[in-house]
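Notes to accompany the following structure.
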Protein chains: 2
Amino acid sequence: MQDTCTVYQTVKYLTKKWTLLIILELYKGQGYTRRFSELRNALDGITPKVLSERLRELEDEGIVCRNVDATAFPVRTEYTLTESGLEIVSVIRGIKHWALKWKIDNIPCGEQDCKVCVL
Amino acid sequence: MQDTCTVYQTVKYLTKKWTLLIILELYKGQGYTRRFSELRNALDGITPKVLSERLRELEDEGIVCRNVDATAFPVRTEYTLTESGLEIVSVIRGIKHWALKWKIDNIPCGEQDCKVCVL
DNA sequence: GTAAACCGTGCAGGTGTCCTGCATGGTATG
DNA sequence: CATACCATGCAGGACACCTGCACGGTTTAC
């Protein structure tokens, strides 16, 4: 089950570092596209390598759509959430509601301004 | 965010080996309790060490309730899903629906009789 | 032609989590 | 004292994941 089950893989996938934050960053910017450098600036501490990796993976998963405008200078690469990506936010929200309801102190996150909890 | 956010921790937690399967096994047996040895038999291949670990963790998370009947011989230890545990199944179901809807072949799992997908 | 702006990728290395397998222990009855 | 049940401890290894740094490719402007 561990290796083949898509449900399991989806959950597992979300736990990779930065994945959730990238999705939520794109969600925040819903409606307008986000460029690679914008994302890099928004996600404090992420290295281009990891950002690149995650975006590829998200694209493979069909969660993120990548658009390259080669006519522009310099090349503009823009990212958006796909429809599937928008819907996975609801799933994440479901998890958050569960945590809010059942975690003793009703504080899902100890961190100030946690992007997930602001969701 | 990675370490302190409860939402993140919840997701991360579910990806541990056997965790999902244990929850679903208890869910299947909803209404009646399950003993340690029953779970061990139901989960093919699990070692007592891991089962024990997971059950402890699930108890700490408030997902599973443990009841020890010390008057019985030998000691009967019984496990049930808590209310919170029952509700997390809905969350898992949400993930499954997402996967069903968006994964190309509409088959969430390649494995026959995957416990998660039967959900 | 060379610098600048943007978008990445490759490699080396380290860390830490997680799993396996096996042995062990504790308790209470018959 | 053997048996049934419920676990736990330790050693060892595998693997995924992250970090840091350097490099590369493209097109315009000067």
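Taking atom CD1 on B/I46 and atom C1' on D/dA7, their separation rounds to 13 Å, with Å as the unit. Between the P atom of D/dA7 and the CG atom of B/D69 lies a distance of 13 Å, rounded to the nearest Å. Atom CD of B/E53 is separated from atom P of C/dT20 by 10 Å (rounded to the nearest Å). As a whole-Å value, the separation of B/L43 CG from D/dC6 P is 14 Å. As a whole-Å value, the separation of B/Y8 OH from D/dC17 C1' is 10 Å. In this structure, the OH atom of B/Y13 is 15 Å from the C1' atom of C/dT17, given to the nearest Å.
Residue B/Y79 has a polar side-chain atom (N or O) positioned under 4.0 Å from OP1 or OP2 of D/dA7. Under 4.0 angstrom from either OP1 or OP2 of D/dG9 there lies no side-chain N or O belonging to B/K49. Not one side-chain nitrogen or oxygen of B/S37 sits closer than 4.0 Å to the OP1 or OP2 atom of D/dA4. Applying the 4.0 Å criterion to OP1 and OP2 of D/dC18, one finds that A/T47 has every side-chain N and O outside that range. Side-chain nitrogen and oxygen atoms of B/R76 include none within less than 4.0 Å of the OP1 or OP2 phosphate oxygen of D/dC6. Side-chain nitrogen and oxygen atoms of A/R54 include none within less than 4.0 Å of the OP1 or OP2 phosphate oxygen of D/dC17. Contact annotation: B/K17 side-chain N/O to C/dT20 OP1/OP2 distance is under 4.0 Å.
Heavy atoms only, all atoms of each residue included: B/G94 and A/V91 are closest at O-CG2, 4.0 Å.
At a threshold of 4.0 angstrom between heavy atoms, the contacts of B/R40 with the nucleic acid are absent.
No side-chain donor-acceptor contact under 3.5 Å links B/W98 and A/E87.
Using a cutoff of 4.0 Å between basic side-chain nitrogens and carboxylate oxygens, B/R40 and B/E38 are not scored as salt-bridged. A salt bridge is absent between A/K16 and A/E53; no separation between the charged side-chain nitrogens and carboxylate oxygens falls under 4.0 Å.
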